[in-house]
Amino acid sequence: MKNYIKTYNVFHGILDKLIFGFGIPVAFIVLFAIMNLKFDVGAFMVLTIFMLLAELIRDYFLFGGIYSRSRKCGALRCSYYGEKVYVGAIMQEQLRSFLHYAILMAVFAGMRTVINGYPGKRFVLVCMIYALLFYLVNAISVNILRYVTNFNIYPSIMTLLVTPGIIASVFIYILGIDKKTMNLELCMAVMIVLAIGATILTYRHAKSSYKKSLYGRDNR
Amino acid sequence: MEFNSAIEGKNILKKYKNFTLDIGELKIPQGFATALIGENGAGKTTLLDILAGTNLEYKGELTFFGKYDDKDREKNPDVKNNIGYTGTGDYFFPRWTLKQVEELQELLFDGFDKNRYRELLKELAIVSGKAFEDSKKISNLSDGNKIKLMLAGVLARDTKLLLLDEPASPLDPLMRDKLCNMLRDYLAENEGEKTVVFSTHNITDMESITDYVIIVEQGRIVEQGFVEDLKEKYIVVKGEKKDESFASRIISNLSSSSYGFEGICLSEDLDKLSGLDIAVERPTLSQISVHVMKQYSALAMVDNREKTA
């Protein structure tokens, strides 16, 4: 028995046990409960969480490791237009990401209205808040995840980064739609400020990471 | 021999934790092919990175094409557009496809000729014209094909200077020969205006294209000059066993066998061997390089310390 446990531990690190062995099953149980209890409006929140995870996995295959020291694209760095192309590509991705969530929310809200009728102003506000919240979580996450070059650890870090966003989205749903106690206008204003802040942060980070790749001290 | 310089450098200093590149004076002759030779870790890649502007953390002065300094290189698109650089490591991101690489180069370089690039891809046997080749990923290319892809990119541009880091290493002998021909053709365009600088360990294969040599060891230039001048400067000496001990006083790094000895010395030292029964030969570039590298390399110093101990 001892050897079985040892063998298990050899192939399963502590992060794997905590995140995939405990965190994710619990998260899915909670999600399952929410979907069952309030499937109606809550469904789009759950689906958007899956979309967020899919977007971050997608980012790995597009920009994975772009900020890391080991991934220096020589073609960009030897060109006069290298910085423009590099920063431009990252900011285009930011814009695409925002439109992706905004359009997704609009489609979900539209479908909900067609199927079950117009649910009211609070529902529309929550949809807009969700678009901004998921864009914000996406923006903050990619700024960290783009340092990761190894896909083995990528999902673990990704899960840690999106968890606060998922918890926030659940609270916004409960307080904003279910209990109707949240000031959604104020929440919307805060989200707009945070989303703009995350966009500026991404721009500055992209510029500085490019400059660092030209000036950064290599170990030798 | 008097020449115009494609690049001139003064007091170039780049410090790493355990290595310093310290080049007092650098002159790359315009219109010729210059080989950067040196052992692993001698500083060749660092020097090429500094010249190409992919590493800006250094001290010193650089002048390009006789009129631009290194600040101009970063501010004036003409300078970088006129320099074609191929490097080691991730030159293109591994997940990019051939199609993406082509589009990227159109964005990055003003004089990029897409049609010429496609011809070069075929000429270098990277593509054969079959369907879906554009979607081939960089990570699926062999090391040799990655180098060929970079070469196709720089040769499809209108440049005045090529900086190539180890272009020959992953190539097969046939492709090395083709590379030499392509570089010769490049130098022949607008004769005297175009310049090639490449680092290499394949000295014998690249000798046919090499006009000028810079040997770098432990971050310093220890020998440089036109190949023909260096072949006059050094001479290969072969002699009998009985003369070996005397000859070893003049010839450093003498190699010995049961029949006799062989080594390289300065031609001006040949008089010191008068009276010995020796034969002399004109050295190859490889022999000169190995001789110089043995004198200055970190590896030779370790060997000497071990012999002394």
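Each chain gets a letter, A, B and so on, in the order the sequences are listed, and its residues count up from 1.
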Practice item. Could you tell me if the ring centre of Phe151(A) sits under 6.0 Å from that of Phe61(A)? Key: yes
Exercise for review: Can you tell which part of Leu104(B) gets under 4.5 Å to a heavy atom of chain A, answering side chain, backbone, both or neither?
Suggested key: side chain
**Study point:** Which of Ala52(B), Gly84(B), Pro77(B) touches chain A most, by non-hydrogen pairs under 4.5 Å
**Key:** Pro77(B)
Exercise for review: Verify whether the ring centers belonging to Tyr147(A) and His205(A) lie closer than 6.0 Å.
Suggested key: yes
Exercise for review: Name the member of Gly74(A), Ala75(A), Gly65(A) that forms the most heavy-atom pairs with chain B at distances under 4.5 Å.
Suggested key: Ala75(A)
Check your understanding: Can a salt bridge be assigned to the pair Lys122(B) and Glu119(B) using a cut-off of 4.0 Å between side-chain N and carboxylate O?
Key -> no
Practice item. Please determine which of Tyr101(A), Phe98(A), Tyr130(A) meets the ring pair (Phe, Tyr, Trp, His ring centres under 6.0 Å) test together with Tyr135(A). Key: Phe98(A)
**Study point:** Options Phe92(B), Tyr58(B), Trp96(B), Phe93(B), ranked by heavy-atom pairs under 4.5 Å with chain A, top entry
**Key:** Phe93(B)
Revision key, fill the gap. Turns out that what part of Tyr60(A) lies under 4.5 Å from chain B's heavy atoms comes down to both
Exercise for review: Sort out for me which residue in Asp69(B), Asp72(B), Ile83(B), Asp78(B) forms a side-chain contact (heavy atoms from CB on, under 4.5 Å) with Phe64(B).
Suggested key: Ile83(B)
Exercise for review: With a 4.5 angstrom heavy-atom cut-off, could you sort out which part of Asp49(B) is near chain A: side chain, backbone, both or neither?
Suggested key: neither
Exercise for review: Sort Glu74(B) into side chain, backbone, both or neither according to what part of it lies under 4.5 angstrom from a heavy atom of chain A.
Suggested key: backbone
Check your understanding: Given the options Lys75(B), Arg73(B), Met150(B), which has more heavy-atom pairs under 4.5 Å with chain A than any of the others?
Key -> Lys75(B)
Review point. Going by an N to O cut-off under 4.0 Å, is there a salt bridge joining Glu83(A) and Lys207(A)?
Key: yes
